[in-house]
Novice: 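First, the structure itself, so that you have it in front of you.
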Amino acid sequence: MTRTGFSIGPLEVHWYGVILMFGALMAAILAAREAKRRGIDPEMVWDMLPWALIGGIIGARLWHIFTPSASNVAAGLTTAYYLSHPLAILEVWNGGLGIPGAIAGGALAVWIYNRNKPISFAEWTDIVAPGLALAQAIGRWGNFVNQELYGAPSTLPWAIYIDEAHRLPAFSDVATYHPLFLYESIWNLLNLGLLLWLNRRFGEKLRHGDLFMVYMGFYAIGRFSLEFLRLDTSQIVGINANQALMIVLLVVSTVVLLWRHIPRKNNKETNTADVVEE
C-alpha cells in the first residue's frame, strides 16, 4: 500500500478514484433521501446515478483537456497532445478532472435520463444539489492524496508540505503551501449546510430549480475567490478560465433568482385588485 493507492493482484487501485466514488455514493444517498422526502421513488436516484457518473467523468475530463493549466502546458500536456494521444485521455487516475465540466456533463446526462420521466429536470437539480456539494467536499481530498490543488506558499500553522516532485518548477525550493483543496472542501460543506437549511426553512416558497441556482451562485463566489491563491491556473487568451466561468455562473444564478422572487409592480397591482374584488 502506498500514498497513492494499493494493489489487488494485478489490479492497481488509486485512492483518488476511491475518494471520488465515495463522494458520489454519499451524494446519491443524500439525493435518495431528499427524493423520498418529496414523495419521489428514491430508486430513481440509483437508476440515474450511472448516467450522472459517466456524464460527469466525461465532462470533467474534457474540461481539463480543453482548459489545461500552466504547468500542464509547460510539460507538453496541451489540448493538442491529448487529441493526438487519445489513450492519455483515459488516465483519469493521474488527476486532471475539472469540476465545471463534471457539473455540466452530469447535468446533461441527467437531462437525457429524465426526458421521458414525470419529474421535471429543474426539480431533479434541486434534489441533487445538496449531494453535489457534499460530493465536491469529499472529492477534494483526492487532490490531497495526489498532492495537487495546493495554493500559494505559506508558513501558517495549517500549511501543508508538498514533496519536491509535486512542486511547480518556480517553487521547487518552497516546502509548505496553502491547502487550497481544504479551503474549497470547507466552502462546499458550507454550501451544503446552506442548501439544507433553505430547503427546510423555505421549501414551500422555493420554485423548482431555485436550490440549484443557490448552489451555483454560492459555489461560484468561493471558487472565484480561491483562484487568487492558486498558482497553477488555466488560462485562455490570458484570462483565468475558471474565474471567467464563475462570474458567468454567479450572474446567471443571481438574475434568475431575482427575476423569480422580487415582486414586480404589475404583480402587486393584480394582487391588490384581487383582494378588492373578494
Side-chain angles (χ1 to χ4, degrees), residues 14 16-17 19-21 23-24 27 50-112 125 128-129 131-133 135-143 146 148-151 180-181 183-185 187-188 191 212 215-253:
H14 295 263
Y16 183 80
I19 292 171
L20 291 184
M21 289 302 101
W51 290 74
L53 283 176
I54 294 172
I57 292 173
I58 293 174
R61 193 61 174 166
L62 289 177
W63 181 263
H64 168 75
I65 290 169
F66 288 102
T67 61
S69 63
S71 65
N72 283 335
V73 172
L77 298 177
T78 62
T79 301
Y81 169 82
Y82 280 113
L83 294 180
S84 60
H85 297 77
L87 290 180
I89 296 175
L90 304 177
E91 297 175 357
V92 295
W93 51 84
N94 289 327
L97 296 176
I99 291 295
I103 296 171
L108 177 60
V110 171
W111 177 79
I112 294 173
T125 64
V128 303
L132 189 55
Q136 287 178 254
I138 296 172
R140 277 306 179 197
W141 285 88
N143 300 125
N146 283 358
E148 58 190 9
L149 197 65
Y150 52 86
L180 198 58
F181 76 92
Y183 298 161
E184 188 169 332
S185 180
W187 186 258
N188 284 314
N191 199 358
F212 190 72
Y215 157 80
M216 282 204 311
F218 192 86
Y219 173 70
I221 293 172
R223 181 63 184 268
F224 178 88
S225 303
L226 292 175
E227 281 287 318
F228 288 110
L229 283 176
R230 192 166 184 171
L231 297 174
D232 195 18
T233 59
S234 300
Q235 300 286 326
I236 298 179
V237 295
I239 299 174
N240 185 309
N242 288 312
Q243 283 188 318
L245 178 62
M246 292 306 114
I247 291 174
V248 172
L249 293 181
L250 180 59
V251 170
V252 169
S253 59

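The figures that follow rest on heavy atoms only: side chains count, while hydrogens, waters and symmetry mates do not. Values in this document were obtained by computation on a predicted structure and should not be read as measured data.
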Novice: How long is the gap from CG on Leu83 to CD1 on Ile89, to the nearest 0.5 Å?
Specialist: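 Here the interatomic distance stands at 6.0 Å.
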Novice: Please round to the nearest 0.5 Å and tell me the distance separating atom CG of Leu180 and atom CG of Asp232.
Specialist: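 Here the interatomic distance stands at 11.0 Å.
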Novice: Thr125 versus Tyr215: any side-chain heavy-atom pair under 4.5 Å?
Specialist: no
Novice: Check whether any side-chain heavy atom of Leu250 sits under 4.5 Å from a side-chain heavy atom of Ile221, and report yes or no.
Specialist: yes
Novice: Look at the aromatic rings of Phe181 and Trp141 and report parallel, tilted or perpendicular, splitting at 30° and 60°.
Specialist: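 Plane angle over 60°, so perpendicular.
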Novice: For the residue pair Gly55 and Ala109, what are the closest heavy atoms and their distance?
Specialist: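 Taking every non-hydrogen atom into account, CA-CB, 4.0 Å.
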Novice: Within a strict 4.5 Å, meaning less than it, do heavy atoms of the Met21 and Leu53 side chains meet?
Specialist: yes
Novice: Output the distance between atom CG (Asn242) and atom CG (Leu249), rounded to the nearest 0.5 Å.
Specialist: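 Answer for the CG-CG pair, Asn242 versus Leu249, is 10.5 Å.
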Novice: Leu226 and side-chain contact (heavy atoms from CB on, under 4.5 Å): which single residue from Gln243, Glu184, Met246 fits?
Specialist: Glu184
Novice: Could you pull out the closest heavy-atom pair between Gly142 and Glu148, with the gap in Å?
Specialist: O-OE2, 4.5 Å
Novice: So, taking the atom named CG in Asn191 and the one named CG in Leu132, what distance separates them when rounded to the nearest 0.5 Å?
Specialist: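 Separation between the atoms: 9.0 Å.
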Novice: Measuring from atom CG of Asn143 to atom CD1 of Ile19, what distance do you get when rounded to the nearest 0.5 angstrom?
Specialist: 9.0 Å
Novice: Can you tell me how far apart CG (Asn240) and OG1 (Thr67) are? Round to the nearest 0.5 Å.
Specialist: 9.5 Å
Novice: Kindly indicate whether the side chain of Ser69, heavy atoms from C-beta on, has any atom under 4.5 Å from the side chain of Arg230.
Specialist: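 Contact flag for Ser69/Arg230 side chains = no.
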Novice: Between Gln136 and Trp187, is there a side-chain heavy-atom distance shorter than 4.5 Å?
Specialist: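 When only atoms from C-beta onward are counted, Gln136 and Trp187 do not touch, as no gap falls below 4.5 Å.
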Novice: So, for Ala27 and Ala135, which heavy atoms are closest and what is the spacing to 0.1 Å?
Specialist: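 Smallest interatomic distance, heavy atoms only, reads CB-CB, 3.9 Å.
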Novice: In the structure I gave you, are the side-chain heavy atoms of Ile103 and Trp63 within less than 4.5 Å of one another anywhere?
Specialist: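 Not touching, per the 4.5 Å side-chain cut-off.
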Novice: Side-chain contact, heavy-atom cut-off 4.5 Å: Tyr219 with Ile99?
Specialist: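 Sidechains of Ile99 and Tyr219: in contact.
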Novice: Would you name the heavy atoms of Gly217 and Ser253 that are closest together and state the gap between them?
Specialist: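 Of all heavy-atom pairs spanning Gly217 and Ser253, the closest is CA-OG, 3.3 Å.
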